[in-house]
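These numbers were taken from a predicted model, which means no experiment stands behind them. Lettering follows sequence order; numbering is per chain, from 1.
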Amino acid sequence: MTHEELEESVPLYAAGALDKVERQALEAHLLSGCASCHSALKDYQSIAALLPLSLSPITTPRSLKATIMAERNPASLPAEAAQNEPVRPSLEPGEWMERLFPPVAPARSSSLPWALGFAALLIVAVGGYAAWNVSTQRSIATSNIQQLEVSLREKSARLADLQREIGDQTNALAELRNKLQQQTNEASEAKGQLAQREAELEDIRAQLSQRSIAGAARTPQDELATLLRIPNVKAVTLTGSDMAKRAAGFLLYDARTQNVWLYSMNLPESPAGTTYQLWAIRDKPISIGTFQMDTGETTHLLVKKVLSFTDAKTFAVSLEPSGGRPQPTGPIYLLSRS
Amino acid sequence: MIDPTLLARVAKGDQQAFSQLYDHSSTLLFTLAVRILGNREEAAELLQDVYLEVWRKVSCYDVGRGTPIAWLVTLTKSRAIDRLRARASRGYRATTPLEAEPTAQLADPGPSPLETQADQELRMAVGTAVAELPQAQQQAIELAYYEGLSHTEIAARLNQPLGTVKTRIKLGMSKLRESLRQWGNHGELP
């Protein structure tokens with residue numbers, strides 16, 4: 001408060017109309033030694049003290065004086081009693097006059113400044129505590145907000161992680177689905193292949209049964225004997241040419257298995273560097289295979305698989321250089337009779 | 001009027017002086033106490049406390065702060081308003097409101113036998129000065145003085161702006177000071 005404001009509050013103080021804080025402010029100002037305010041207050045206090053004179057006087061009860069005189073403890077000197085009076089904690093309206101003491105009594109006059117100083121300290125302490133409290137609460141609130149923010153960030157990060165995981169798992173799921181589709185395709189393909197294999201197996205079984213029908217031919221002779229019992233086997237007789245008049249042979253052809261058997265007898269030994277070659281002749285000769293005759297051999301069996309044999313009209317065996325030739329070049333030894 | 005030397009004698013334990021002090025001040029203090037408390041019994045109790053306190057604390061009186069009667073009036077008013085507030089905080093209402101007092105006032109119209117002519121002149125001067133105040137200023141001052149209300153409380157009570165109330169009190173006190181200047185300048189007031 002400025003001095004003007006304090007000075008203006010003097011009449012209000014005298015009338016007893018100030019708030020406690022304003023009252024204490026003015027009293028502190030008076031204690032600081034402001035002569036003009038002190039003088040003004042003394043005037044106004046004097047005027048205020050006159051106000052009850054405007055009331056119609058009411059006589060005191062007769063017994064009151066006696067009671068008061070009796071209650072007063074004559075043994076206790078007023079000055080001593082005053083020193084024993086406890087110091088009031090705060091200033092009240094009118095206490096300026098009631099509590100302030102003349103400067104000539106330093107021990108007493110020091111009590112109000114002390115009280116006011118204490119009050120000032122108290123105000124500072126309370127203010128400080130309030131400020132500290134507010135600041136503490138604010139810092140607690142700030143710290144709470146920061147914790148919440150940190151927590152929020154963590155949660156957001158966790159959410160992002162979870163979303164990433166979900167994305168990853170969605171991708172993995174799509175991949176698995178693709179794989180499943182692929183494997184389903186492969187499985188159906190395998191099923192097709194299996195069906196084909198089963199068909200092949202069935203074929204093989206049929207062939208096996210035929211072979212078992214063909215018997216357990218362990219030797220060419222046995223096989224020939226078995227062949228002779230199979231129906232639909234084409235048989236061709238071969239006779240010796242001028243090169244070997246004693247020679248003879250016959251040829252068996254199974255159209256179903258496309259196998260050819262040549263059984264030759266009394267062919268002369270094939271000299272070194274030469275080989276016998278069997279030909280099937282339609283429009284031109286086609287080599288069926290080669291074979292050799294050693295010294296002392298009289299018979300030989302040639303077994304070959306031959307394709308497109310059915311149209312051949314003539315069969316012949318010629319002596320050719322080793323390894324055979326695409327076309328017959330040497331002398332004919334055996335020839336079919338067509 | 002009370003001579004400051006009377007208080008000096010009381011401070012020395014002079015019971016005769018104390019008795020004189022009572023005779024010269026009790027009517028004024030009792031009137032004030034009844035006005036504030038609105039109750040004679042309680043005013044009488046209050047006066048017992050006040051005089052006991054005066055007896056104990058008279059040595060604290062500083063003539064530099066004010067006249068002896070101003071000191072006594074201030075002390076009585078302060079203690080009466082203390083009681084008023086304590087009573088308000090207990091939710092107590094006066095059983096004998098102030099309005100019930102006029103008969104007592106009429107029944108006791110005469111001046112105290114101890115009252116001097118100067119005292120009577122002063123009483124008339126104060127009565128005139130207060131009566132001459134505008135009603136609003138008188139009301140505001142009396143609410144503060146006799147009911148212990150602060151300017152904020154008066155503003156709320158009267159439903160008036162705080163500044164208006166402050167101004168009324170300041171103006172009223174200033175007018176009283178002007179009207180009673182000759183009495184205030186008198187060294188022995190009252």
Any donor-acceptor N or O pair under 3.5 Å, side chains A/S9, B/K166: no

Heavy-atom distance under 4.5 Å to chain A: side chain of B/Y22, backbone, both or neither? side chain

A/D19 to B/T152 - nearest heavy-atom pair and separation: OD2-OG1, 3.2 Å

Among A/L51, A/L18, A/L12, single out the residue with the greatest number of heavy-atom pairs under 4.5 Å to chain B. A/L51

Can you measure from CG (A/L55) to CD (B/E142) and round to the nearest 0.5 angstrom? 7.5 Å

With a 4.5 Å cut-off on heavy-atom pairs, point out which of B/T31, B/V73, B/L29 contacts chain A the most. B/T31

Selection from A/P11, A/P61, A/S63, A/A17 maximising heavy-atom pairs under 4.5 Å formed with chain B: A/A17

Taking atom CE of A/M69 and atom CH2 of B/W55, what is their separation to the nearest 0.5 Å? 7.5 Å

The single option from B/T67, B/L28, B/V126 that satisfies side chain to side chain contact (heavy atoms under 4.5 Å, CB included) with A/L50 is B/V126

I need the A/L53 CG to B/T27 OG1 distance, nearest 0.5 Å. 11.0 Å

At their closest point, which heavy atom of B/F30 faces which heavy atom of A/T60, and how far apart are they? CB-CG2, 3.3 Å

Under a 4.5 Å heavy-atom cut-off, does chain A meet the side chain of B/L149, its backbone, both or neither? backbone

What's the verdict on side chain to side chain donor-acceptor pair (under 3.5 Å) for B/S150 and A/K20, showing C-alpha distance, side-chain angles and the deciding distance? CA-CA 9 Å; B/S150 71; A/K20 189 174 181 182; over 6 Å; no

Proximity breakdown for A/E8 and chain B, heavy-atom pairs closer than 4.5 Å: both

Where B/M173 and A/Y44 come nearest, the two heavy atoms and their spacing: O-CE2, 3.5 Å

For chain A, find which of B/S179, B/S174, B/G148 contributes the most heavy-atom pairs closer than 4.5 angstrom. B/S174

Taking every heavy atom of A/A49 against every heavy atom of B/Y145, the minimum-distance pair comes out as CA-OH, 3.9 Å

Between B/S19, B/A44, B/G127, B/S26, which residue shows the highest count of heavy-atom pairs closer than 4.5 Å to chain A? B/S19

Which value, rounded to the nearest 0.5 Å, describes the distance between A/D43 atom CG and B/R181 atom CZ? 7.0 Å

Please classify the contact between B/T128 and chain A as side chain, backbone, both or neither, with a heavy-atom cut-off of under 4.5 Å. neither

Using every non-hydrogen atom in the two residues, find where A/P57 and B/R123 come nearest and quote the distance to one decimal. CG-NH1, 3.2 Å

